[in-house]
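Just so you know, these numbers use all the heavy atoms, side chains as well, and skip hydrogens, waters and symmetry mates.
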Amino acid sequence: MKTLYLKPTEKDIETAAQIILRGGIVAFPTETVYGLGGDATDAGSAEKIYAAKGRPSDNPLIIHLSKAEDAEKYAYTNEIYYKLADAFCPGPLTIILPKKDIIPKQVTGGLDTVAVRIPSHPVARAFIDACGVAIAAPSANRSGSPSPTSAEHVKADLDGKADAIIDGGPCEIGLESTIVKLKDGFAVILRPGAITEEMLSAVVPVRRDKSLYVKPDENAHPEAPGMKYRHYAPDVPVTLLKGPHEDVVKFMKDKLGEDDSTGLICLQSDKKKIKGKNVKYLPNDAKGQANALFSLLRDFGKTDAKRVYSVTPTRTGLGLAVCNRLTKAAGFDVEYVGITIPVLGLTGQSGAGKSTVAAILKEHGAYVCDCDEIYHGMLYKNSPMVTELEKHFPFAVNDGELDRPALAEAVFSNKEKLDLLNSVTHKVILDEVRKQLKKAEKQGYKFAVVDASQLFESGYDAECKAVIGVCADEETRIKRIIRRDGITRQKALSRISGQHNEDFFRVYCDVIIENGKDEKELEKAVFGIVKEYITI
Ligand code: TXA
Ligand code: MG
């Protein structure tokens, strides 16, 4: 087959639409990645798509519409669908709905549900409108390889296999859409993307599907069937490195020393420290990472690298999607460097009972690092923390002694100064955490727990195997704080009002412990987590 190369002009889009209406398949740009589209009501078109991609036909396709209301024709909608569509569509969000008969089972891989997305890219929208029918489209790559973020990527994978490719330039986002299914009033995230958990949870309650962080069982039926296949992989195997950043950098340098063809994915900020012919750099911000990742993974196929090692970015916001794609590209192959025992993060609101959970984890053999304790232990005269603080806040240190009220006054209601203070304290605390963990490892501990109320803000989540969030209802927390700290109800209230609400923890943690009043239940929950994440 000869592939027709089209431009995003009205005339060419009309040509593309004619191809679709005759049962052909056309690659087109969207704001996320390029898609390979066919008529969503035509089983034959779906079969052509599967054949062109070399994709197993039990992996369902997403149908693309130009307006949210158009979903009525193809699926059974509901209130949450419209709430989400009002907030985020057109845009990089895909919603799973029960399908109507007009969508053949070939499109949905045999499922009774269909994935619906309304892209915002003007060329995609013009193309769908010109077709006048929903367009079923997976990403326009060879099955298993990274999704295409430019027409050149599509050409490399599908030249001679697609009837036409519309070149709309590079994709703005660079990672595929967020996929949610709707269950019991929740939006359950099956694939993270540019519509982040934080954004979703401002509109509907959100949960994460377990497949986001646990390696899928080959025999199981994952919620998004596509997630069980090897994904996003360049032609070279990838290993994700987790551990203290300095140790990751050292590990990378050592690997380069052993074999200068080793492929490395580093952060832009390490450019001065790590150089080599197959070293590639990811921007430090999540948006830049999302945009660069797939192209960068593809580029390793053109090098002589036999293995690629990558840094693990932080998981907040869009970072979760970046981390998810990297983890899949690595086939869940993670190597812990510096510290080899697994580390669980422990966080939550004050009064929710983090310390109680930490104590139970200790009974299960964990080494517990308490960041609050580390912080308070570092406020003595001329401590490394005070010395570091003096560099940035000279007025708050007199004779090596920290003037805490002066410091508090300076950062109070000044966000920039508060961020600076946090970045200084986080660094010093985490250095100490890493030191303690190395010691614990030498002492023979099998796993460790890092108890930190600012775990995510410090970026330490990226070094944890999983993050546990402890939650409890507000009244319970207030009572606990009053009892524990001997303060008034008023003070307790004002203390918790400045903290993250519960949704924050529900959204970002891998597992939530509800700390009600029943001790037995709590112990059972903690034991379950130890069993799931720690193989001793
Ligand atoms: O950004 C995107 O979503 C891009 C552009 C082209 O729109 N499309 C895309 O499609 O990434 P694809 O086929 O590469 O990924 C679709 C994912 C697969 O993991 C599939 O299993 C899941 O969506 N999916 C599709 N229909 C589903 C359904 N009914 N239930 C659960 N998961 C579904
Ligand atoms: Mg895909």
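In summary, Lys250 and Asp254 engage in a salt bridge, as defined by a charged side-chain N under 4.0 Å from a carboxylate O. Salt-bridge formation is not detected for the pair Asp473/Arg477: no Lys NZ or Arg NE/NH1/NH2 atom is positioned less than 4.0 Å from an Asp or Glu carboxylate oxygen. Salt bridge Lys465/Asp510: absent, no basic N to carboxylate O contact under 4.0 Å. Salt bridge annotation for Glu198-Arg506: absent, with no cationic side-chain nitrogen under 4.0 angstrom from a carboxylate oxygen. With respect to the salt-bridge test (charged N to carboxylate O, under 4.0 angstrom), the residues Asp485 and Arg495 qualify. Here Asp247 pairs with Lys438 in a salt bridge; the nearest charged N to carboxylate O distance falls below 4.0 Å. The pair Asp270-Lys273 meets the salt-bridge criterion, since a charged nitrogen lies less than 4.0 angstrom from a carboxylate oxygen.
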### Message
I'd like to know whether Lys242 forms a side-chain contact (heavy atoms from CB on, under 4.5 Å) with Val248, so could you lay out the CA-CA distance, the side-chain angles of the two residues, the decisive distance to 0.1 Å, and finally the verdict.
### Response
CA-CA 7 Å; Lys242 283 197 182 191; Val248 169; over 6 Å; no
### Task
Walk me through it: do Leu522 and Thr356 pass the test side-chain contact (heavy atoms from CB on, under 4.5 Å)?
CA-CA 9 Å; Leu522 184 65; Thr356 316; 3.9 Å; yes
### Task
For side-chain contact (heavy atoms from CB on, under 4.5 Å), just list the numbers for Leu361 and Val530, CA-CA rounded to whole Å, side-chain angles, deciding distance to a tenth of an Å, and then say yes or no.
CA-CA 8 Å; Leu361 284 161; Val530 173; 3.6 Å; yes
### Task
Evaluate side-chain contact (heavy atoms from CB on, under 4.5 Å) for Cys509 paired with Ile468, printing each intermediate quantity in order.
CA-CA 6 Å; Cys509 295; Ile468 306 167; over 6 Å; no
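By the 4.5 Å heavy-atom criterion applied to side chains, Tyr309 and Glu335 are counted as neighbours. Side-chain atoms of Pro98 and Asp112, non-hydrogen and from C-beta on, never get closer than 4.5 Å to each other. The shortest side-chain heavy-atom distance between Val180 and Leu190 does not fall under the 4.5 Å cut-off.
Among residues two or more places apart in sequence or in another chain, the side-chain hydrogen bond (donor to acceptor under 3.5 Å, both in side chains) test is passed with Arg489 by Glu475. Judged as a side-chain contact (heavy atoms from CB on, under 4.5 Å), and not counting sequence neighbours, the contacts of Thr94 are Ile62, Ala115, Arg117, Ser177, Ile179.
In this structure, the separation between NZ on Lys435 and CG on Leu430 is 12.5 Å, given to the nearest 0.5 Å. Put simply, CZ on Phe505 and CZ on Phe456 are 8.0 Å apart, with the number rounded to the nearest 0.5 Å. Annotation: the span from Ile481 atom CD1 to Ser350 atom OG amounts to 3.5 Å, rounded to 0.5 Å.
The 12-atom threshold is exceeded at CD of Gln443, counting heavy atoms of other residues, nucleotides or ligands nearer than 6.0 Å. Atom CD of Glu172 has 12 or fewer heavy atoms from other residues, nucleotides or ligands within 6.0 Å. Other residues, nucleotides and ligands contribute only 12 or fewer heavy atoms inside 6.0 Å of the CD atom of Glu519.
With 3.5 Å as the limit, one finds no donor-acceptor pair spanning the side chains of Thr32 and Glu176. A donor-acceptor contact closer than 3.5 angstrom links the side chains of Thr239 and Arg307. Between the side chains of Glu523 and His364, no donor N or O sits under 3.5 Å from an acceptor N or O. One side chain, Gln454 or His426, offers a donor N or O that lies under 3.5 Å from an acceptor on the other. Side chain to side chain, Tyr336 and Glu463 fail the donor-acceptor criterion of an N or O pair below 3.5 Å. For the 3.5 Å distance criterion, the side chains of Thr327 and Asn324 fail to qualify, holding no donor opposite an acceptor.
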Pairs under 3.5 angstrom only: tabulate donor-acceptor contacts from the side chains of residues 389-403 to other protein residues two or more places apart or in another chain.
from	atom 1	to	atom 2	distance (Å)
Lys391	NZ	Glu388	OE1	2.9
Asp403	OD1	Ala406	N	3.3

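A cation-pi geometry, defined here as NZ or CZ lying under 6.0 Å from the six-membered ring centre and within 45° of its normal, holds between Lys271 and Tyr281.
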